[in-house]
Amino acid sequence: ISSSITSDKRFNELSSIPFDIKNNLTVFDYLSQEGVIRFAKLFNLELDSSLSKAEKLKVVQELFNDGNEKCKLAQDKFIRTVVDYIARYYVLLGGCDVLCFTAGIGENSKGVRAEIVEKLACLGFKLDAEANDVRGEFRKISAEDSSALIYILPTDEELMIARDTL
């Protein structure tokens, strides 16, 4: 979304928006170690202060995988935040032609993509579940009767860094 429309800076680790890319598919694997520590405080998760940041990250990931309610709440907050942004811009811009999922979670988490699109169904967004069953490749994943095209768009971070340095 163009900065000419907004300069909203709330997309950050405290709102559970991903920063670091890891291999696991939970929201917590895409937050930096420091972000997870801040997240833990925000959701009153008690972590042993003698653990390293990496160890604390692993503990939070394990809690999520074990069904910890506070971790589930955080993932739900992440999804809600993304849906809120899309819905607001849908109204502000008078519709949507294309919705792209990119970077860590957008490229790699079919479950999070599915939940986001499901919550946008009232706007006519529809996902092709079979097409959505993929990680990290450019692909159209919208159903034929979706109100907007939906794509996975892989991020080439090395290229972006190289372009920024020129």
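Excluded from the calculations below are hydrogen atoms, water molecules and symmetry mates; all remaining heavy atoms, backbone and side chain alike, are included.
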Between side-chain atoms of residues 119-129 and protein atoms elsewhere (two or more places apart, or another chain), which donor-acceptor pairs fall under 3.5 Å?
| from | atom 1 | to | atom 2 | distance (Å) |
| --- | --- | --- | --- | --- |
| K126 | NZ | D145 | OD2 | 3.0 |
| D128 | OD1 | E130 | N | 3.0 |
| D128 | OD1 | A131 | N | 3.0 |

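The existence of a salt bridge linking D76 and R80 is excluded, since no basic side-chain nitrogen approaches an acidic carboxylate oxygen closer than 4.0 Å.
At distances below 3.5 Å, at least one donor-acceptor pair connects side-chain atoms of R113 with backbone N or O atoms of N132. Remark: the backbone N or O of L153 is paired with a side-chain donor or acceptor of T102 at under 3.5 angstrom. Looking only at distances, no side-chain donor or acceptor of S146 sits under 3.5 Å from a matching main-chain atom of A143. Side-chain atoms of K140 do not come within 3.5 Å of backbone N or O of L149 as any donor-acceptor pair.
The heavy-atom pair separating C96 from A148 by the smallest distance is O-CB, 3.4 Å. Of all non-hydrogen atoms in E137 and I152, the two that sit nearest each other are O-CG2, 3.4 Å. Taking every heavy atom of both residues into account, P154 and G136 meet most closely at CG-O, 3.6 Å.
Put simply, I116 and V134 are part of the same group of oily side chains (I, L, V, M, F, W, Y) that touch within less than 4.5 Å, one to the next. Both L93 and Y85 are part of a single hydrophobic cluster, where members link through side-chain heavy atoms under 4.5 Å apart. Residues L99 and Y90 fall within the same hydrophobic cluster, defined by Ile, Leu, Val, Met, Phe, Trp and Tyr side chains chained together at heavy-atom separations under 4.5 Å. Placement of I141 and V83 within a single hydrophobic cluster is found when ILVMFWY residues are connected by side-chain heavy-atom separations under 4.5 Å, directly or transitively.
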